[in-house]
There are 2 protein chains.
Amino acid sequence: MLLKINFSIDKPIYQQVKEQIIEGIASGKLENGESLPSIRQLATDIGINMHTVNKVYAQLKNEGYISIHKRSGVMVNTVNLQSGKKYVEELEEKIKPIIAESICHGLTKERFKEITSALFQHLHPELAS
Amino acid sequence: MLLKINFSIDKPIYQQVKEQIIEGIASGKLENGESLPSIRQLATDIGINMHTVNKVYAQLKNEGYISIHKRSGVMVNTVNLQSGKKYVEELEEKIKPIIAESICHGLTKERFKEITSALFQHLHPELAS
DNA sequence: ATATCTGTTATATATTAACTATAACAAATA
DNA sequence: TATTTGTTATAGTTAATATATAACAGATAT
């Protein structure tokens, strides 16, 4: 999987890497059980520091996206991810200000649902409806 | 309108203030044409520095949520906000990583639409369907 | 007109976040 | 044994965040 970092925009590098890995998992480009590059390898490939990748992996591990073992390396592991109440509340906290912005811009609920549905479909085409 | 700042969480103060004002506009608690407190007044009320509020107001002005005139003060002004292609693309950039997270957590598209619709309804109850 | 309040701008400082640079360690592997 | 792994420690730089004073010009009210 290819990662592209934009050093011009103000979004932190570690966040760009993190989001792209999560999008890779969501889209199926990164399958469950698949190996990820080692910390040093990915850092060299992208052209960033080792600790920036380490920060990403540590967060992904902490949030349940990957598992890490010495020498066996980094591996996609989504078995612990759940859509329980705890996550839904986190999700609501993240989306709430974005929805407020959309309302201020005059977006209807139906238009908003169209846009999000299209993104959902684009990321995960195999899901029906 | 009452603003509540959480100094414990890692979300910047200026962003908390900004989001709450935008949510106020979205929900109708802040109507178009309504006056907002002066920079110094709001800073004193919340217990933060003047420049932090100034930063919020400058951004809100720049993004088209308010208009500012000397002595006449700060005023909600949403007439320039549009849901054109430019904004939709910004919206998609913001929501995309959140949707990716949701997919990884096993959320279905229908469940996602339920959650966002509920938030939409909660912020803007007068909108039908 | 004088005093006051407004947004705006400038300068300075402290704290934290983000990123990088080396280095070292123990565990696992070839 | 040599190498690669994740992990941790230390140190440094740059940028973002927040605060503290200060000053300015425009607008308002007394």
Side-chain angles (χ1 to χ4, degrees), chain A residues 1 3-22 30 33-77 80 94 97, chain B residues 1 3-22 30 33-77 80 94 97:
Chain A
M1 187 191 162
L3 299 183
K4 296 175 183 174
I5 304 303
N6 188 339
F7 295 94
S8 304
I9 62 176
D10 68 343
K11 181 177 287 191
I13 298 174
Y14 84 94
Q15 200 174 334
Q16 295 186 44
V17 175
K18 186 180 176 184
E19 288 179 358
Q20 288 181 42
I21 291 177
I22 292 177
L30 295 175
E34 186 172 342
S35 286
L36 292 182
S38 73
I39 292 176
R40 291 173 177 82
Q41 184 63 53
L42 183 53
T44 302
D45 291 349
I46 303 179
I48 63 177
N49 189 270
M50 188 199 73
H51 292 91
T52 307
V53 177
N54 188 46
K55 184 178 183 176
V56 174
Y57 279 1
Q59 290 187 9
L60 289 174
K61 173 187 176 185
N62 190 262
E63 297 172 16
Y65 290 95
I66 62 177
S67 59
I68 304 179
H69 299 94
K70 290 224 170 176
R71 188 68 182 184
S72 66
V74 185
M75 189 174 289
V76 178
N77 183 353
N80 294 320
K94 290 176 185 172
Chain B
M1 186 191 162
L3 299 182
K4 296 176 184 174
I5 304 304
N6 187 340
F7 296 93
S8 304
I9 62 175
D10 67 343
K11 182 177 288 191
I13 297 173
Y14 84 94
Q15 200 173 334
Q16 295 186 44
V17 175
K18 186 180 175 183
E19 288 179 358
Q20 288 181 43
I21 291 177
I22 292 177
L30 294 175
E34 186 172 344
S35 286
L36 293 182
S38 74
I39 293 177
R40 291 173 178 84
Q41 185 63 54
L42 182 54
T44 302
D45 291 350
I46 303 178
I48 62 178
N49 189 270
M50 188 199 73
H51 292 92
T52 306
V53 176
N54 188 46
K55 184 178 183 177
V56 174
Y57 279 2
Q59 290 187 7
L60 289 175
K61 174 187 175 184
N62 190 259
E63 296 172 16
Y65 290 95
I66 62 177
S67 59
I68 304 180
H69 300 94
K70 290 225 170 176
R71 188 68 183 183
S72 65
V74 186
M75 189 174 288
V76 178
N77 183 354
N80 294 320
K94 289 176 185 172

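Residue numbers start from 1 in every chain, and the chains themselves are labelled A, B, ... in the order their sequence lines are given, proteins ahead of strands.
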**Student:** With a 4.0 Å cut-off on heavy atoms, is A:Asp10 in touch with a base, just the backbone sugar-phosphate, or nothing at all?
**Tutor:** nothing

**Student:** Work out which heavy atom in A:Pro97 is nearest to a heavy atom in B:Glu19; give both atom names and the distance.
**Tutor:** CB-CD, 3.8 Å

**Student:** Which pair of non-hydrogen atoms, one from A:Lys18 and one from A:Gln59, has the smallest distance, and what is that distance?
**Tutor:**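 Result for this residue pair: NZ-OE1, 2.9 Å.
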
**Student:** Just the rounded figure in Å: distance from C1' of D:dT5 to CE of A:Met75.
**Tutor:**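 About 13 Å, once rounded to whole Å.
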
**Student:** Would you mind reading off the distance between B:Lys55 atom NZ and D:dA16 atom P, rounded to a whole angstrom?
**Tutor:**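 The distance from NZ of B:Lys55 to P of D:dA16 comes to 9 Å, rounded to the nearest Å.
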
**Student:** Does any part of the side chain of A:Ile48, heavy atoms only, come nearer than 4.5 Å to the side chain of A:Tyr14, both counted from C-beta?
**Tutor:** no

**Student:** Could you go through the side chain to side chain contact (heavy atoms under 4.5 Å, CB included) check for A:Gln16 and A:Asn6 one step at a time?
**Tutor:** CA-CA 8 Å; A:Gln16 295 186 44; A:Asn6 188 339; 3.8 Å; yes

**Student:** If the cut-off is 4.0 Å, is A:Thr52 near the phosphate of C:dA18, judged by side-chain N/O to OP1 or OP2?
**Tutor:**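 The answer is no; no side-chain N or O of A:Thr52 sits under 4.0 Å from OP1 or OP2.
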
**Student:** Output the residues of residues 13-20 of chain A in contact with DNA chain C, where contact means a heavy atom of the residue under 4.0 Å from an atom of the strand; sort by number or write none.
**Tutor:**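 Contacts with DNA chain C under 4.0 Å: A:Ile13, A:Tyr14.
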
**Student:** Is it the case that more than 12 heavy atoms not belonging to B:Asp10 sit under 6.0 Å from its CG atom?
**Tutor:** no

**Student:** For A:Phe7 and D:dA15, what is the distance between atoms CZ and P respectively, to the nearest whole Å?
**Tutor:**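 So the two atoms are 15 Å apart, to the nearest Å.
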
**Student:** Report the distance from atom CZ of A:Arg71 to atom P of D:dT3, rounded to the nearest whole Å.
**Tutor:**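 Distance check: A:Arg71 CZ to D:dT3 P gives 12 Å.
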
**Student:** Which is true for B:Lys61 with a 4.0 Å heavy-atom rule: it touches a base, it touches only sugar-phosphate, or it touches nothing?
**Tutor:** sugar-phosphate

**Student:** Which heavy atom of A:Ile5 sits nearest to which heavy atom of A:Gln20, and what is that distance?
**Tutor:** CD1-NE2, 4.3 Å

**Student:** Return the residues of residues 37-50 of chain B meeting this criterion: a heavy atom under 4.0 Å from some atom of DNA chain C. Order them by number, or give none.
**Tutor:** B:Ser38, B:Ile39, B:Arg40, B:Met50

**Student:** Using whole Å, what does the distance between atom P of nucleotide D:dA11 and atom NE2 of A:His51 come to?
**Tutor:** 14 Å

**Student:** Return the minimal non-hydrogen interatomic distance between A:Ile46 and A:Leu3, and the atom names on each side.
**Tutor:**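 Closest pair (atom of A:Ile46, atom of A:Leu3, distance): CD1-CD1, 3.9 Å.
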
**Student:** Nearest-Å distance, NZ (A:Lys70) to P (C:dC25)?
**Tutor:**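 A:Lys70 atom NZ is separated from C:dC25 atom P by 13 Å.
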
**Student:** Please report, rounded to the nearest Å, how far the P atom of C:dA10 is from the CG atom of B:Asn54.
**Tutor:** 12 Å

**Student:** Tell me the interatomic distance from B:Ile68, atom CD1, to C:dC5, atom C1', rounded to whole angstroms.
**Tutor:** 15 Å

**Student:** With B:Val17, which of B:Thr52, B:Val56, B:Ile22, B:Val53 fulfils side-chain contact (heavy atoms from CB on, under 4.5 Å)?
**Tutor:**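 That would be B:Val56; it is the only one of B:Thr52, B:Val56, B:Ile22, B:Val53 passing the side-chain contact (heavy atoms from CB on, under 4.5 Å) with B:Val17.
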
**Student:** Can you tell me how far CD1 of B:Ile21 sits from OH of B:Tyr65, rounded to the nearest 0.5 angstrom?
**Tutor:**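 Going from OH on B:Tyr65 over to CD1 on B:Ile21, the span is 11.5 Å.
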
